[in-house]
Amino acid sequence: QVQLVESGGGLVQAGGSLRLSCAASGRTFSSYAVGWFRQAPGKEREFVAAISWSGGYIYYADSVKGRFTISRDNAKNTVYLQMNSLKPEDTAVYYCAATTSNFYNDYVNQWRYDYWGQGTQVTVSS
């Protein structure tokens, strides 16, 4: 069992930065791949970024590539999402999720994730 708690959301002006954290409980967290997803009002939840259990594989959605960076510190049971050059269209509730899958193709699919956090709101003003 893994419990995930996101933090670091808030209100920021366009062009600004935020760093989201996803803190996990459970001694086996290092064996999980972690993904970040987001959901804007009236829209479906979408994939943002994912990192494999070792950090050796990282994948980004095209919409955030070059602006967002995902990383993890398994010693701290934490995954981070550094978000730079934020745009109003990045406004959403951001969720982290964990999966035991080792198939990289699964990482963009929210239905492949076993555990989810409660989400943290990110609002980017223009």
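Contact annotation: the side chain of F29 approaches that of N74 to within less than 4.5 Å [non-hydrogen atoms, C-beta and beyond]. Counting only heavy atoms from C-beta outward, the side chains of Q121 and T91 approach each other to under 4.5 Å.
The shortest heavy-atom contact between S85 and S17 is N-OG, 4.3 Å.
A distance-only check finds a donor-acceptor pair linking the side chain of D90 to the backbone of K87 [under 3.5 Å]. In this structure a side-chain-to-backbone donor-acceptor pair under 3.5 Å is present from T78 to K76. Panel note: side chain E6, backbone C96; a donor-acceptor pair is recorded below 3.5 Å. Using a distance-only test at 3.5 Å, with no hydrogens or angles considered, no donor-acceptor pair links the side chain of S21 to the main chain of A23.
In R112, the CZ atom is not crowded: 12 or fewer heavy atoms of neighbouring residues, nucleotides or ligands sit closer than 6.0 Å.
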Subject >> Verdict with reasoning, V122 to L20, per side chain to side chain contact (heavy atoms under 4.5 Å, CB included) >> reply: CA-CA 9 Å; V122 171; L20 305 184; 4.0 Å; yes
**OP:** Quick one: do Q3 and V5 satisfy side chain to side chain contact (heavy atoms under 4.5 Å, CB included)? Show the steps, please.
**Re:** CA-CA 7 Å; Q3 292 185 327; V5 178; 5.7 Å; no
Just list the side-chain donor-acceptor pairs under 3.5 Å for residues 48-64, sequence neighbours left out, or say none.
| from | atom 1 | to | atom 2 | distance (Å) |
| --- | --- | --- | --- | --- |
| S52 | OG | G55 | N | 3.4 |
| S52 | OG | G56 | N | 3.2 |
| S52 | OG | Y57 | N | 3.0 |
| S54 | OG | G56 | N | 3.1 |
| Y60 | OH | I70 | N | 2.9 |
| D62 | OD1 | K65 | NZ | 3.1 |

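Residues forming a ring-ring contact (aromatic ring centres under 6.0 Å, His included) with Y95 (at least two apart in sequence, or on another chain): none. Residues meeting the side chain to side chain donor-acceptor pair (under 3.5 Å) test with Q39, sequence neighbours left out: none.
Here the options are E46, E44, R45, the test is side chain to side chain donor-acceptor pair (under 3.5 Å), and the partner is Q110; only R45 passes.
Ring planes of F37 and Y113: perpendicular class, angle over 60° (limits at 30 and 60°). Ring geometry, Y94 versus F68: the interplanar angle falls from 30° to 60°, so the pair is classed tilted.
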